[in-house]
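Both ligands and their constituent atoms are indexed starting at 1 by order of listing.
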Amino acid sequence: MQILIKGARVLDPGNLDGKKDILVKDGVIEAILDPSDPTGPGDPIDPGHSPDVQIPGVQIIDASNMIVIPGLIDIHVHLREPGQEYKETIDSGLKAAAKGGFTAVCSMPNTIPVNDNGQVTAFIINKGKQAHAAKVYPAGAISQGSLGTSLAEIYDMQQAGIRAATDDGLPVENSQMMRRALEYCKGLDMPIFVHAEDKSLVDGGSMNEGPSATFWGIKGIPNAAESIMVLRDIALCELTGAAVHFCHMSTAQSIEAIRQAKKRGANVSCETAPHYFTLTDEAVLDYDTNFKMNPPLRSENDRLAIIDGLVDGTIDMIASDHAPHSVDEKEVEFDRAAFGIVGLETSLALSLKLVQDNILSLTDLVVKMSKQPAKMLRIDNDIKPGNPADLTIIDLEIQYEIDPDTFISKCKNTPFAGRQVQGEAFLTMVDGRIVYQKNQ
Ligand SMILES: [Zn+2]
C-alpha cells in the first residue's frame, strides 16, 4: 500500500517549505512531488489528480489547507511503566503522544524499577514497538536506582538503546558524582539531562515562593532552588566538555545563566514546558492541585524571561514533561499532592499560541518541537526520500476547548481544562503507518 499526502504546505526547517505532495511506500518517504508539475520527473502516479480521484493501490490523504512537518518529538515524558501502570502504560502514553502529534518521545527513567540497566531499557523499547503508536527513545538513569551514589550501567543501557542519561525526578546532589557521570557520558557521546533542583532549598515547598504562596499559606520554593543547580552544572559542563541539557527550565535566572554559558561556547542546551510560558503562580487558585508541578509555576517576570529565551534561542526545545498522576494522588491537600501534569495532548496547541501571538514563527516552533529534539536524540527526521515516514499533519485553523475527557492518557491532571485553543494534529504517521487520525 502506498499513501499519497496531497495538497499540504510541507515545512521542514532548513530543508523544505512549499506546496508538495509526499508519496509514502513501505514505511519510508518514497518521493516528494511538485503538485504544480504533474508530468514532472520521477512522477509515478500522476500527482496532478484531485484528492477525490481513486488510484488503485494508493491511499490518498487530502491535506489541503494543512501543514506537514517532520514528526513532533517530545524529549521529556513520563510513561510510568514498568511499575505504575495505573497512571500510564507505555501503550497508553505512546497512543496519547500520537494523538498529540508526536511521532517519538524520550521517556524518563524514574519508573519502578528505575531504568538503570539494559534489561529495563529493552523492556521499554519492546513494549514501545508493540504499541504501534509513537516511537519511544528511553533515557536511562545516571545513578543506580537514581539514588545518586554509584553510576548506573550506562554503557549497557546505551547498547540496549538509551539516547540520554538522567536521574530526572531527582537531582544528582553530589557534585563529584555528576562530574564522573559527565566524563563517562562524554566518552559515550551521550548527553546528560539535568533535573536542576536543590532539595535543601525546596525544603518541603509545593508552589513558587512569592505573594501567591503567602496568600494561600502554602510553603514556597525559591527560584534559586533551580538556578543554583543550573549554575553548578554549567560549571561542570565547562570543566568536562560533556553535553549538558537542562530540563523543564522555569526561572529567569536559569535562562540568563544558560544564555551567558552559550555565549562562552559551553556545550549546553535546554528545554521549557508549555505551562511555564502560559501560566504563572497567580493561576494557582483554590488549592487546585492540577496547578502543582515541579518546578512550580513561577512569576510573570519569569514567564516573560522564558518567552525571551525562546525568542533568542537560549531555549532550544519545548517538551511537555508529561507526568500523569491518578485522581487519588491529586485530590488531596495541596502540600500532599503529587507534582506534575499531563501534557502530551495539549503541548502542540499551547505552543502554537506563541505563533498566533507572533512570538515565534511556525518555523521556529517546528525547530523547537521537532528538529532540535531529533538532533539531541540522534534521529534524522528530515523529510527526504529514503527516510522513515514519520510525519505530523497539523490543522492550524481548528478552534476548540481542551476537554480532558477526550484524552487518551490514563490521567486527566491538567490545569488547561476548558481553555480555548487553536490548532491540533490531524494525522500522525510513524514508519509510514497512520497511528492517529482525527475522527477515526
Ligand atoms: Zn525533572
Show every donor-acceptor pair shorter than 3.5 Å between a side-chain atom in residues 181-188 and any protein atom, with sequence neighbours excluded, or say none if there are none.
from   : atom 1 : to     : atom 2 : distance (Å)
Glu183 : OE2    : Arg179 : NE     : 2.9
Glu183 : OE2    : Arg179 : NH2    : 3.4
Lys186 : NZ     : Thr240 : O      : 3.2

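Defined by atom type and a distance below 3.5 Å, a donor-acceptor pair is present between the side-chain atoms of Glu329 and Tyr86. Checked by atom type, the side-chain pair Asp167/Ser146 shows a donor-acceptor distance below 3.5 Å. Asn223 and Gln253 are linked by a side-chain donor-acceptor pair at a separation below 3.5 angstrom, with hydrogens and angles left out of the test.
With salt bridges taken as basic N to acidic carboxylate O contacts below 4.0 Å, none links Asp12 and Lys384.
A distance of 6.0 Å or more separates the ring centres of His322 and His76.
Of all protein N/O/S atoms, those under 2.8 Å from the Zn ion (ligand 1) are Asp168 OD1, His195 ND1, His248 NE2, and waters are not counted.
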